[in-house]
Each structure stands twice: as structure tokens, then as C-alpha cells.
Asker: 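Once you've had a glance at the structure underneath, I'll fire off some questions.
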Amino acid sequence: MPNVDTKNLPDFDDLPEVKGMPKGCAWGIFGESDEVGTLNLLTPEVVMEARQEIQTGESVQLDWGLENVQFPGFGRKEFSQKIIDLSPSGLTAHDDELHINTQSGSQWDSLRHVAHQATRTYYNGLHHDDVLGGAKTTRNGIHNWVERGGIVGRGVLIDWAAWADAKGIEYNPVSRHEIPVAELDEVAKAQGTEFKHGDILIVRTGFVRWHDNASTDERKAGTRDAANFIGVRADEDSKRWLWNHHFAAVAGDTVAFEAWPPRDPILHEWLLSLWGTPIGEMWNLEELSQKCKKEGRYTFFLTSAPLNVKGGVGSTPNAIAVF
């Protein structure tokens with residue numbers, strides 16, 4: 001844990017200048033050698049307060065089945081499983097082997113996934129060429145999250161899809177429908193939800209629901225043959241709103257969290273490379289949505305145990321919401 005007052009971080013416009021980087025870069029805020037970014041906000045005090053969300057002991061798993069994305073976009077391989085019969089060895093048993101691209105389903109993006117494009121640098125100055133070049137560093141790998149104890153805190157669902165449905169707003173999850181942060185505030189108000197310092201923000205857009213109900217041809221056309229997806233609008237308001245709320249991490253059920261394809265400003269750049277904020281994508285929020293509606297509250301205790309892969313670029317979230 002860095003020697004920094006995580007309760008009193010500067011607002012976006014007050015962040016100190018970082019030479020050669022855009023205004024609002026948070027490098028050095030948690031220490032020059034830090035590799036976990038805003039996960040530093042998940043202090044023991046924040047976690048202890050989050051445990052108050054556990055009231056019924058019921059839980060909801062937030063990972064989509066690995067087999068769900070039939071047609072991964074961006075040329076990525078689909079999930080495959082091979083079950084191995086161990087009987088020839090004299091033991092009646094099975095093993096299995098899995099092939100998974102960590103970006104082809106429910107996932108966390110680590111802080112070495114998307115760089116600041118103009119400088120080709122990742123969080124706290126890691127250069128793109130050092131990841132696979134001569135240095136072959138594991139810096140900013142997802143193993144750092146594991147070694148700090150995983151991700152544990154207070155999750156907050158902003159059920160934009162349910163709010164939009166109730167208001168009769170027409171939208172298509174496989175179009176570049178932009179969700180402004182002003183609407184996220186409206187949803188929070190309608191839910192009676194108040195944000196806290198160090199929250200893990202989770203936004204439901206309706207993408208997983210669309211995918212679950214789409215035909216095979218519709219899925220192929222909407223995910224592999226095209227690359228237009230609903231998500232949070234990337235603009236100056238979004239940058240300030242996301243940083244000034246001091247979220248520990250953000251996640252959603254859509255392909256890229258932000259509306260895709262990206263436009264300047266690119267939220268992946270700001271969240272991952274300039275602030276060190278993990279992004280979760282394609283989480284299954286359908287059961288969570290129903291549970292929150294039933295309970296009449298949209299906050300919960302959240303745990304996530306990423307894969308312990310040295311230098312990992314992404315991971316299944318292995319996330320559970322506890323009520």
C-alpha cells in the first residue's frame with residue numbers, strides 16, 4: 001500500500017502535471033513504482049465498510065459462461081474445451097484443457113492492455129516496447145492484483161438498461177449508442193443509489209440480454225461481422241465524472257464499457273493507462289439486475305479473484321456479488 005492519503009485525492013482539474021502527458025494524468029499519485037492504480041482505494045477501512053452490504057448471505061455470480069461468445073470480435077479465437085480420458089493410464093478419471101483468449105468473454109482488462117496511443121505508454125510510464133521487447137517485463141501485470149489480495153469492495157449496479165426500458169428509450173446494444181454520464185446520475189437517483197469513495201461501478205447496458213436472445217446469425221452479424229457496441233459516452237464530462245467519483249474499478253455487460261468504436265477522448269486510455277483503473281467487460285448482469293430489483297437496493301459486497309498469471313493482460317473476473 002503506497003504512502004498516500006487515498007481519502008483525499010485531487011479532483012481531475014487539480015491533478016499535478018505529468019511531463020509529456022495530457023492534463024489529468026494520474027501517474028505518481030499512488031507512487032512512482034505503483035502497479036495497481038485505483039485499486040489502492042480498496043483499503044482495509046473501505047472493505048470493512050463494504051461488508052455492511054452483506055445482509056441476507058445470498059450471492060450472485062457475475063461471470064458469463066466462457067462458451068457464450070460464439071463469434072469473438074477483433075479476430076480473437078473462441079473458447080474451446082478438450083476433455084481428456086485418463087483411463088489409459090490406469091486411473092478412471094478425467095482432465096480438461098481450455099483454450100481462452102481473456103478478451104473473448106467476461107473479463108478484466110489489466111493495466112497493460114491498452115496504452116496511451118500517442119506515447120505508446122501504459123500506466124505509470126511502462127512503454128509498449130518493453131512488454132515483449134528485450135526487457136520482457138511483467139510490470140503492470142494482473143498478478144499484482146492477486147498479490148494485493150484480489151478485488152474486494154462495494155459494488156454498485158447502475159441498471160441503465162432497466163431505466164431506459166421503463167422510460168421507453170429505444171436503443172440497440174450492437175449499435176454505437178452512447179450513454180452520457182448525466183444519465184448514469186439519473187439512474188442512480190431513480191434507484192436511490194449514492195456513490196461512495198472507492199466504489200466498483202458496474203453499468204448494465206442490455207448487451208448480454210441481447211446476445212442471450214439473439215439467433216446465431218444475429219450474433220455473428222452483431223459481434224464478428226461488425227464492431228459497433230453500446231457503452232458510456234467518451235467526452236470531457238465523462239473523464240471528470242469518472243475520476244472525480246474515485247471509483248476503484250469500473251465494469252459493465254457490454255463489449256468495451258465505452259461506446260465502440262472509440263472516439264477522442266478514448267476512455268480506455270484514460271482509465272487503464274492514465275489513471276490505472278481496471279475495466280471489466282461482458283459481465284453477466286442479468287441475474288444481478290433481478291436480484292437488485294427484488295431487494296430494492298443496488299449495492300452489494302463484491303469479490304473478484306483474477307487469474308494469477310505473471311504479467312497477465314486480462315483475466316476472467318471470477319466475480320461474486322454478495323447481498
Side-chain angles (χ1 to χ4, degrees), residues 62-83 96-117 120 122-123 128-129 131-132 136 138 140-143 145 172-177 203 205-232 234 249-263 266-269 271-273 277-285 304 306-319:
L62 306 183
D63 289 45
W64 212 8
L66 289 171
E67 76 287 349
N68 271 291
V69 182
Q70 290 178 281
F71 306 103
F74 312 103
R76 292 168 175 146
K77 293 182 180 180
E78 65 272 16
F79 166 78
S80 64
Q81 178 190 32
K82 179 182 178 182
I83 297 179
D96 62 355
E97 296 177 353
L98 308 179
H99 173 91
I100 121 179
N101 182 315
T102 55
Q103 299 292 319
S104 294
S106 294
Q107 68 195 258
W108 278 119
D109 291 346
S110 83
L111 307 188
R112 55 174 17 206
H113 173 51
V114 174
H116 178 247
Q117 299 299 291
R120 304 183 79 226
Y122 301 87
Y123 177 63
H128 182 78
D129 293 342
V131 175
L132 291 176
K136 290 187 178 178
T138 61
N140 286 352
I142 213 160
H143 64 282
W145 305 0
N172 180 0
V174 286
S175 70
R176 198 182 181 283
H177 185 105
V203 180
T205 68
F207 174 81
V208 165
R209 179 178 61 185
W210 168 83
H211 194 281
D212 285 347
N213 293 316
S215 67
T216 298
D217 287 344
E218 288 170 334
R219 290 176 180 177
K220 184 174 182 294
T223 57
R224 175 169 288 176
D225 298 343
N228 298 287
F229 303 108
I230 191 171
V232 175
V250 301
D253 62 344
T254 191
V255 171
F257 182 76
E258 63 182 304
W260 200 265
R263 297 174 183 169
I266 303 174
L267 290 185
H268 271 65
E269 286 186 316
L271 289 161
L272 294 175
S273 58
T277 301
I279 301 175
E281 296 158 342
M282 287 189 282
W283 288 21
N284 183 4
L285 306 179
S304 170
L307 297 174
N308 195 354
V309 178
K310 202 81 169 176
V313 174
S315 171
T316 51
N318 308 316

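Just so you know, these numbers come straight off a predicted model, no measurement behind them.
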Asker: Please work out whether the ring planes of W108 and W283 are parallel, tilted or perpendicular, with thresholds of 30° and 60°.
Answerer: perpendicular
Asker: Which pair of non-hydrogen atoms, one from A234 and one from R263, has the smallest distance, and what is that distance?
Answerer: CB-O, 4.2 Å
Asker: Before you tell me yes or no, could you show the steps for D225 and K220 under side chain to side chain contact (heavy atoms under 4.5 Å, CB included), namely the whole-Å CA-CA distance, both residues' side-chain angles and the distance that decides it to 0.1 Å?
Answerer: CA-CA 6 Å; D225 298 343; K220 184 174 182 294; 3.2 Å; yes
Asker: To the closest 0.5 Å, what do you measure between OG (S304) and CH2 (W145)?
Answerer: 8.0 Å
Asker: Could you state the interatomic distance from NE2 (H143) to NZ (K310), rounded to the nearest 0.5 Å?
Answerer: 4.0 Å
Asker: Return the minimal non-hydrogen interatomic distance between A227 and P261, and the atom names on each side.
Answerer: O-CD, 3.4 Å
Asker: Heavy atoms, side chains only, cut-off 4.5 Å: are V255 and W260 in contact?
Answerer: no
Asker: Please examine the side chains of F257 and V203, heavy atoms only from C-beta on, and report whether any two atoms are closer than 4.5 Å.
Answerer: yes
Asker: Would you confirm whether S106, through its side chain, and W64, through its main-chain N or O, come within 3.5 Å as a donor-acceptor pair?
Answerer: yes
Asker: Are side-chain heavy atoms of T216 and F71 found at a separation under 4.5 Å?
Answerer: yes
Asker: If you define the side chain from C-beta out and look only at heavy atoms, does anything of T316 sit under 4.5 Å from L307?
Answerer: yes
Asker: Using only atom types and a distance under 3.5 Å, with no angle test, would you say the side chain of N140 pairs donor to acceptor with the backbone of Y123?
Answerer: yes
Asker: Could you check H116, R112, H128 and say which one makes a side-chain hydrogen bond (donor to acceptor under 3.5 Å, both in side chains) with Y122?
Answerer: H128
Asker: Given side chains that start at C-beta, do those of L272 and I279 come closer than 4.5 Å, heavy atoms only?
Answerer: yes
Asker: Could you grab the distance from atom CD1 of I100 to atom NZ of K77, nearest 0.5 Å is fine?
Answerer: 13.0 Å
Asker: Tell me, yes or no, whether the heavy-atom count around L98 atom CG, taken from other residues, nucleotides or ligands under 6.0 Å, exceeds 12.
Answerer: yes
Asker: Which heavy atom of T254 sits nearest a heavy atom of T205, and at what distance?
Answerer: CB-OG1, 3.5 Å
Asker: How long is the straight-line distance from CG of N101 back to OG of S80, given to the nearest 0.5 Å?
Answerer: 11.5 Å
Asker: Main chain of A115, side chain of Q117: is a donor-acceptor contact present, judged purely on distance under 3.5 Å?
Answerer: yes
Asker: So, the side chain of N318 versus the backbone of P306: is there a donor-acceptor pair under 3.5 Å, distance only?
Answerer: no
Asker: Working to the nearest 0.5 angstrom, can you tell me the gap between E78 CD and E67 CD?
Answerer: 12.5 Å
Asker: Indicate yes or no: at least one non-hydrogen side-chain atom of Q103 is less than 4.5 angstrom from one of E281.
Answerer: yes
Asker: Grab the two heavy atoms, one from D109 and one from H268, that are nearest each other, plus how far apart they are.
Answerer: OD2-NE2, 3.4 Å
Asker: In sequence, state the C-alpha distance, the side-chain angles, and the governing distance for L62 and N284, and then conclude on side chain to side chain contact (heavy atoms under 4.5 Å, CB included).
Answerer: CA-CA 5 Å; L62 306 183; N284 183 4; 5.9 Å; no
Asker: Using every non-hydrogen atom in the two residues, find where R219 and T223 come nearest and quote the distance to one decimal.
Answerer: O-OG1, 2.5 Å
Asker: Given 3.5 Å as the limit, does a donor-acceptor pair link the side chain of H113 with the main chain of V313, or not?
Answerer: no
Asker: Looking at every non-hydrogen atom in both residues, tell me the closest pair between S110 and G312 and how far apart they are.
Answerer: OG-O, 3.1 Å
Asker: Less than 4.5 Å apart, any side-chain heavy atom of P72 and any of R224?
Answerer: yes
Asker: Could you walk me through whether Q107 and M282 pass the side chain to side chain contact (heavy atoms under 4.5 Å, CB included) test, one step at a time?
Answerer: CA-CA 7 Å; Q107 68 195 258; M282 287 189 282; 3.3 Å; yes
